[in-house]
Enquirer: 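My questions will all concern the structure given below.
Reminder, nothing fancy here: chain letters follow the sequence lines and each chain counts from 1. Computed from heavy atoms alone, side chains included, the values below leave out hydrogens, waters and symmetry copies.
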Amino acid sequence: MSFLDLSEMAQKLLLMLGPALPLAMGLALLLRSWQKILSRLNGWSALPALAVAVILPLDTYAEFSWLLLKVRLGLDDTGRVFLFFTSLLWLLAGVFGRSYMAKDQNQKRFFFFYLLSMSGNFGLILAQDMASFYLFFALMSFSSYGLVVHNGDAEALRAGRIYIYLVVLGEVMLFSALVMLYETTGSLNLAPLALAPANNIIFALFFLGFGIKAGALPLHVWLPLAHPAAPTPASAVLSGAMIKAGLLGWLRFLPLGQVASPEWGSLCILAGLVAAFFGVIVGVFQKNPKTVLAYSSISQMGFMTVSMGVGLSIPAIWPVARAAVITYALHHAFAKGALFLGAGLAPKIKDGRLQKWLLAFGLGLPALALAGAPLTSGLVAKTALKLAIAPLTGPWPEYLALLLPLATVGTTLLMIRFFVTVWPVRFASSPGALGLRLPFIVMVFFVALGAWLLPEAQKSAHKALSLDSFSLALWPVAAGILLALVAFALFRRKTDSGIPSIPAGDLVAIVSWLAKPCQHVSQKYLGPGIQELRATLSMRLSPFLQVYKKTEFLWHMEKVLSSWLAVGTALLSMSVVFFLLLLFSWQ
Amino acid sequence: MSLDFWLPLMIVLSSLVPGILIFCLPEDRIGLRTAANLVGATAKLLLTAVMIWGVFHGHVYETRLPLLPGMDLVLSADALSVLFATLSAILWFLTTLYAIAYLEASPQSRSRFFGFFSLCVSSTVGFALAGNLITFVMFYEMLTLSTYPLVVHRGSPESMRAGKIYLAYTLSGGAVLLIAVAWLKALVGPLDFTEGGMLVAFAGLYRHEFIVIFALLIAGLGVKAALVPLHGWLPVAMVAPAPVSALLHAVAVVKAGAFGIVRVVYDIYGIEFAAKLGVLGPLAAVASFTIVYGSLRALNQDGLKKRLAYSTVSQVSYIALGAAVLGPVATIGGLVHLVHQGLMKITLFFCAGNLAETLGIHYISEMDGVGRRMPSTMAAFTLGALGMIGVPPLAGFISKWYLGAGGLAAGQDWIILVLAASSLLNAGYFLPIIYRAWFKEPRGPWPEDNYGGWLETHWMLLLPALITALLALAAGLLADSPFSPLQWARLIAAREYGL
């Protein structure tokens, strides 16, 4: 694939520049005198990473022996595909962002976090050792907090809060998993976990830790809040590119294609299926177009989880399943990126026939692609998935043959819902900047072409063009449209508020929603009895409660500790504690 | 009597002499006092640099002066003492700069302050270079006495009370330590620090005595190392001026305890011998409890320095935990945290001091939007806090990585749980501060605003914080470079285990 011959030195430099340039540009934004020049170039800092993905030969490695615990960067075949769509998405969203954020007062802060997250995202794809993978993953996760809360309203702050809770939880899980993996392999090189019963904890930690990023249920709750809360260019990269970092983590560390693990495999397939349907069901009841898209991302990631589960179940199929995962990832990144950019562009479209057609086509193509309509990249991805599940044994093939088309019907519905919510009621009087339209058009172009050109997808692309898969792909889309028409007829009379809706962030809302009626119910129906019980209990327990009621009772302890008399007691008790512990460990 | 003999003593004297000089200076000779401070600090840095170069090239530095029959005052430079002496020389230099800017306008006697400040550093370097347990205890006690005037420097009732508590704890801890050392001396003779442990030679003898003495030593040292329940003095002592707190938490008092534990485990008992005696398990348990307890207490403190103080309680026990786990990897983790915690914590205290001195901010609830008024200070604070949480590429990540891997290598998987809990709690009490400072709107005018220059505050307050923050970043980012703390810790571990 390499059509440029670069010297070894230049190759390594370029490899390093991929993550280093956005980082340097982000940090340089802190210097006031540089801000003016840099603000023009921000969006373009993804170019070296794109160049790495396109022109560097496979298996280019660079080692930096002084950094961290020996940083190793390198380009492997999975990394190349991920870096290609990731850098393209960051590039287009960045260029889009320059126009989109032009009037934002805090645009420098936005681009600071944007560039740092970008650096983290590129770096984690290129990282070939655990410490630097973790470093870049953390850089991306923590920096994108700044993107989520950028708007600063209550909604964004709430989204940011839930996001950061899960980020910290994920970081701790990954840290533990990485240290344990290091202990079993004895090397810091990226190596998939060997599957052994003793390693199930590590597997679970990786699965959950990366699952937070990938929006796996039930750790997805931050995603439908955070992706829409961020400004549009950030939503596009969050939902298109950064969500794939979780997937890449799975590909890097889970024992795929090595040892059969039917249990974990089935669990993954199940989790993927549930996510695929859950995303659709909750998504169609959303009112904010960006939230609809976020739920669609959860649903689409479910398909990728299914193919991963297939690879876990039967290692022999992994090459086919891997092709499906990678094709799906690329296709979804472009389609979701285009849809988010389109959602940001829609209110700025001028009331003119050409402009409206542009928007309709630009949104329609990626939407159809996600639904897997014939001739779209989505069909290539869906065909790849079908190829992967074909050799499965046991009950799965039957279920999947039934459920996957159903999920596609759901995706179609969800995309129609997106159209309904995003289509502007009133169009703008002046056309949006070219800086908004151009990246969008380029993005749509890649939606159309992307998956067809992917080397990994050649087989499924070929098959997707057959008449057979054509007709198979048509009916879920048609059924989805039909269902949407029925729903439209049913709810036509009702105003928007009459249509049922589910609050974004579903489970979070449910937890806080459940807390209230529980209180209410217990008071209303169990009222007298409960109150009596409570009274008796509190009387009995009052001496203990007294202590606990002073939530600051520890503080009192501290106060006691700081008196003269306590010193001797403390020393004595320390010795006693120590001796007791010694007694226990006496050999 | 060559340079190799006198160098360790000269390093101690490089701060002792300016200290005595400063005591003699009248209060208004600011220029001379500053000069004495800076010359001493610079001299110590240069001498330490010479010593690093020498130790690296195989020189043996030892000052041995007879004290009493059978009892020598020994100052020597092995890899461990060089590691700690370097840390204290660098941080003393920066803290001196900081203290000059912080205190020169204060009403209390500055001659007294800087005099004791120098004594405090002399004793810190003294116990770092101590070549046997007797010398160590001498400097350890000298540290107690020289820090007391610093803690009570403000002279307010609150600080006098803090001083009392401080003395009560440290003196009784010192007494316990002295008893233990005297007992051990009576049993086995001179207590020279030996790589691999000196008691190994007495294996098979005095088993029970050794165990009891170990407990007494840890209890005595545990006061300064703030092991729970001996930590009561530390959160109280944070009433001291910021440079004192910074030094206290980063290299001096708290570290004296931790360093002592490291010395006792590795160079008196020897880690393998200690493991055979079965004393490491209890130490690990106490350290782990302290790690979690300190973080829990830090969660609901509104006072910034108080929260930092409880964070120290937690973080310093990482060092004890590293020492309590058998295996070179955990040893590296503990030793490297000796340096890393110092760099990160001194940054945090410098920043807290800057906020207090410049804007009169003492409470976390007053910090809304302070990142806009003091961006560099808060950037340094953010680096320090993220490092404490263990976010790469900061120094704390390297410590946690080695501690975790070391725990697993020793078959003590529960250590991962302690580290995970501690990281979660660290994030729980540091991230809200960062959030307030950068993402919230300022509530109104600051409590006071003492600085109107073009920088955000006096350059001598700002510079030390920035330098230590960058050092904490460099210690993690360049961990694999030849002169990083990690490499020194690897060197020490290799020697202790005879690898």
Enquirer: Please look at A:Phe142 and chain B and tell me whether the side chain, the backbone, both or neither of the residue comes under 4.5 angstrom of a heavy atom of that chain.
Expert: side chain
Enquirer: Checking B:Leu486 against chain A: side chain, backbone, both or neither under 4.5 Å from a heavy atom?
Expert: side chain
Enquirer: Below 4.5 Å from any heavy atom of chain A, which atoms of B:Phe289 appear? Answer side chain, backbone, both or neither.
Expert: neither
Enquirer: Using heavy-atom distances under 4.5 Å, tell me whether A:Leu181 contacts chain B through its side chain, its backbone, both, or neither.
Expert: neither
Enquirer: With a 4.5 angstrom heavy-atom cut-off, which part of B:Tyr435 approaches chain A: side chain, backbone, both or neither?
Expert: side chain
Enquirer: Under 4.5 Å from any heavy atom of chain B, what part of A:Met173 do you find: side chain, backbone, both or neither?
Expert: neither
Enquirer: Whether A:Arg72 engages the ring of A:Phe64 as a cation-pi pair (distance to the six-membered ring centre under 6.0 angstrom, angle to the ring normal within 45°) should be assessed.
Expert: no
Enquirer: Side chain, backbone, both or neither: which part of B:Ile398 has an atom under 4.5 Å from a heavy atom of chain A?
Expert: side chain
Enquirer: Assign the ring pair B:Phe439 / A:Phe113 to parallel, tilted or perpendicular, where the plane angle (0 to 90°) is split at 30° and 60°.
Expert: parallel
Enquirer: For the residue pair B:Arg490 / B:Tyr402, report whether a side-chain donor-acceptor contact shorter than 3.5 Å exists.
Expert: yes
Enquirer: Using heavy-atom distances under 4.5 Å, tell me whether B:Ala405 contacts chain A through its side chain, its backbone, both, or neither.
Expert: both
Enquirer: Side chain, backbone, both or neither: which part of A:Tyr182 has an atom under 4.5 Å from a heavy atom of chain B?
Expert: side chain
Enquirer: Please confirm whether the backbone N or O of B:Met388 pairs with a side-chain atom of B:Lys400, one donor and one acceptor, at under 3.5 Å?
Expert: yes
Enquirer: For A:Val179, is it the side chain, the backbone, both, or neither that has a heavy atom closer than 4.5 Å to a heavy atom of chain B?
Expert: both
Enquirer: Between A:Leu30 and chain B, which part of the residue has a heavy atom less than 4.5 Å away: side chain, backbone, both or neither?
Expert: neither
Enquirer: I'd like to know whether the aromatic ring centres of A:Phe210 and A:Phe137 sit less than 6.0 Å apart in this structure.
Expert: yes
Enquirer: For A:Leu139, which atoms come within 4.5 Å of any heavy atom of chain B: side chain, backbone, both, or neither?
Expert: neither
Enquirer: Can you tell me if A:Glu155 has over 12 outside heavy atoms packed within less than 6.0 Å of its CD?
Expert: no
Enquirer: Which atoms of B:Leu296 come close to chain A, meaning under 4.5 Å heavy atom to heavy atom: side chain ones, backbone ones, both, or neither?
Expert: neither
Enquirer: Do the ring planes of A:Phe111 and A:Tyr114 sit parallel (below 30°), tilted (30 to 60°) or perpendicular (above 60°)?
Expert: perpendicular
Enquirer: For this output row, return yes or no: ring centroids of A:Phe253 and A:Phe133 closer than 6.0 angstrom.
Expert: yes
Enquirer: When heavy-atom pairs shorter than 4.5 Å are enumerated against chain B, which of A:Leu135, A:Leu67, A:Val172, A:Leu68 gives the highest number?
Expert: A:Leu68
Enquirer: Report yes or no: do A:Asp129 and A:Ser132 form a side-chain donor-acceptor pair below 3.5 Å?
Expert: yes
Enquirer: Can you tell which of A:Val168, A:Thr184, A:Val71 has the highest number of heavy-atom pairs within less than 4.5 Å of chain B?
Expert: A:Val168
Enquirer: Going by atom types alone, do A:Ser144 and A:Tyr163 pair a side-chain donor with an acceptor below 3.5 Å?
Expert: yes
Enquirer: Give, as side chain, backbone, both or neither, the part of A:Glu171 having an atom under 4.5 angstrom from any heavy atom of chain B.
Expert: neither
Enquirer: Taking the six-membered ring for Trp and the full ring for Phe, Tyr or His, determine whether the centres of B:His231 and B:Tyr169 are under 6.0 Å apart.
Expert: no
Enquirer: Count the heavy-atom pairs under 4.5 Å between each of B:Pro482, B:Gly404, B:Ser484 and chain A, then report the option with the highest count.
Expert: B:Pro482
